[in-house]
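Throughout, residue positions are numbered sequentially from 1 according to the sequence presented. In listed order, ligands and their atoms are each counted from 1.
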Amino acid sequence: MKIDYLIKNGTIIDGSGDARYEADLLVNGDRIISIFKKDQKSVKIHDKNYNLNDLSFKNVIDATSHIIAPGFIDVHTHDDQNIFIDRSMSCKISQGVTTCIAGNCGISLAPFDFSGDVPAPIPLLGDKDAYRFSSVSSYKNAFNESPSSINISLLTGHSMLRVQVMNGEINRSATKDEIIKMQNILENALIDGSIGLSTGLAYPAANHAPTEEIIELAKVLKKHDGIFTTHMRNEGDNLVESVNETIKIGELADVRTVISHHKCAGRSNWGKSKETLKLIKEAKKKQHLDLDCYPYTASSTMLLKHFVERADKVLVTWSDKVQDLKVNDINKIAKEFNCTIDELVDKLYPAGAIYFQMDDEDLNRIISFDGTMIGSDGLPGDKHPHPRLWGTFPRVLGKYSREMKLFSLEEAIYKMTFKSAKTFGLEKRGLIKKDFFADLVIFDPEVVIDKATYEKPLMPALGIDTVINNGQIVWQSMKSLNIYSGKFLEGKSFN
Ligand SMILES: [Zn+2]
C-alpha cells in the first residue's frame with residue numbers, strides 16, 4: 001500500500017489543549033489516516049492492520065525537534081476578496097493558517113446586489129469591481145472554480161443587508177418591511193452555505209441600527225444553527241454597555257455569539273477589560289458566548305474622525321484620493337497639507353489608518369482569558385497593512401506563549417485550532433485525530449516568531465517550516481508552493 005505522507009520524529013500538540021506527545025502520522029488523500037508511536041511495528045488503517053514495513057510512502061517529512069499542530073484557524077479576517085487576488089494566500093499560510101473566516105465586522109463580499117456608493121467600512125473589501133456576488137452560491141462557486149491555498153468560511157455582513165435593502169439610506173433604523181427583506185436574504189445566504197451573521201455597529205453603515213433590528217436578524221440564525229459575530233457598537237467609552245448589548249442579543253435571539261477583536265480602546269478606557277471579562281464569564285454560564293482578539297495594542301481600519309479622536313497616535317496608511325501618500329503620523333500629514341485633522345480626514349477619504357490606542361495589560365488579560373480565540377483582523381487590501389496581517393499567529397506562539405509565558409504552547413494552539421473549529425462549527429477540523437482533515441503545520445517551537453512590524457509589515461514569520469492544507473503541502477522552506485487545495489467550508493454545529 002502506498003501512502004501520500006509519513007510525518008515522523010515530531011511532537012504532536014493535537015489542538016485539544018492536552019499535553020504534547022511524540023508520535024508519527026500518516027496522511028493519505030485529504031485526511032489523517034493513522035497516528036502511531038515510533039516503536040510500533042504495525043498500524044491500523046481503515047480498520048485493517050498493516051505491518052509498517054509493508055507500507056511505502058510517496059513523501060517522508062522528518063519533523064525532528066518540531067511541533068506538529070493542526071493548521072491554524074484565523075477566525076477574524078477580511079480575506080473575502082484576497083482569496084481571488086492572491087490565491088497563494090502567503091500572508092496567512094506563512095503563519096501556519098489553513099482556514100480563514102471571512103465576512104467579519106458587518107462586511108462580506110456576498111450576498112450583495114447594489115451598485116450605488118457604499119458607506120464605510122465597506123470599501124475595506126475592495127473597489128466597486130469587487131462587488132460581483134449577489135448570492136453566497138455565486139461566491140462559493142467562484143471559489144470552488146478557482147480555490148486558494150486556504151479554506152474559507154463566510155459570514156454574512158449585516159451592513160451589506162442594510163445597504164442593499166435600504167437602498168443606501170443607512171442613517172436610520174430599518175422598517176419592519178426592510179427587516180423582513182434582510183431576513184430573507186440572510187436565510188438564503190445561510191442555506192447557500194454562509195456560517196452566520198456579522199455586524200459592524202461601530203461604523204456609519206450600521207450605527208443607526210437599533211438593538212432590536214439585530215435581534216430580529218439574529219433570530220434567523222437559530223433555525224440554521226448559524227453563528228452571530230459582532231464588532232460591537234462601541235469599544236471605547238461605552239464598551240461595557242456594548243458588551244451588555246451583545247449579551248442581550250445573544251440571549252434574546254438564542255444564538256451562539258462571538259465578540260470580535262475584543263479590546264479597550266482609548267486611554268480613558270484602559271482597565272475596563274476586568275469588568276468586561278467578568279460580564280462575559282458570567283454570561284457564559286447561561287449562553288454560548290465567546291471572543292477573539294489579535295496580539296497588538298494598535299488597531300487598524302478606515303480613517304474615521306471618531307476613531308482618530310480617541311487614539312494616542314495615528315498612522316495614515318493609504319488614501320484613494322491621494323494615491324502617492326507616504327505612510328506617516330496624521331499630525332505631520334495635516335501640517336504638510338496645512339489643514340486641521342478633520343479637514344484632512346475629509347480630504348483623504350476613503351483612507352486607512354493604524355490607531356495606537358490600547359494598553360498591554362488589557363491585551364494580556366484578554367488574550368489569556370479562558371477560550372479567547374485568535375483572529376488577525378488583517379486588511380490584505382491595504383498597501384501598508386498593520387503587521388497583524390503577516391504576524392498574528394507566530395507572535396502568539398513566540399511572544400505571548402514562549403517569551404511572556406502567559407499560557408502554555410498547548411493552550412496557545414487550542415486558542416487557534418480546536419476552540420475555533422468547535423465555536424464556528426468547522427467539522428473535522430482543528431484537531432490532530434484519525435479521520436480528521438489533514439490541515440497541519442510543522443514548526444520549530446524555539447524559533448517561531450513574527451517579523452512583521454509597523455514599519456515593515458510585509459515580512460513573513462520565522463519558524464513555520466511546512467504547512468499542509470487538505471493533505472497537500474502549500475508552504476515549505478519560507479515559500480508558497482502555489483498549490484490551491486482550499487475548500488469552501490459550510491458551518492455545522494457539533495458542540
Ligand atoms: Zn471590526
Give a yes or no answer on whether the side chain of Trp390 reaches the backbone of Gln95 with a donor-acceptor pair at less than 3.5 Å. no
How are the rings of Phe72 and Phe393 set to each other: parallel, tilted or perpendicular (split at 30° and 60°)? parallel
Taking the six-membered ring for Trp, are Tyr203 and His231 ring centroids under 6.0 Å apart? yes
Donor-acceptor contact below 3.5 Å, side chain Gln287 vs main chain Ile247: yes
Sorted by chain and number, sequence neighbours left out, ring pair (Phe, Tyr, Trp, His ring centres under 6.0 Å) with Phe337 holds for none
Distance from Met302 atom CE to Phe307 atom CZ, nearest 0.5 Å? 10.5 Å
Closer than 2.8 Å to the Zn ion (ligand 1), what protein N/O/S atoms do you find? Cys105 SG, His231 ND1, His261 NE2
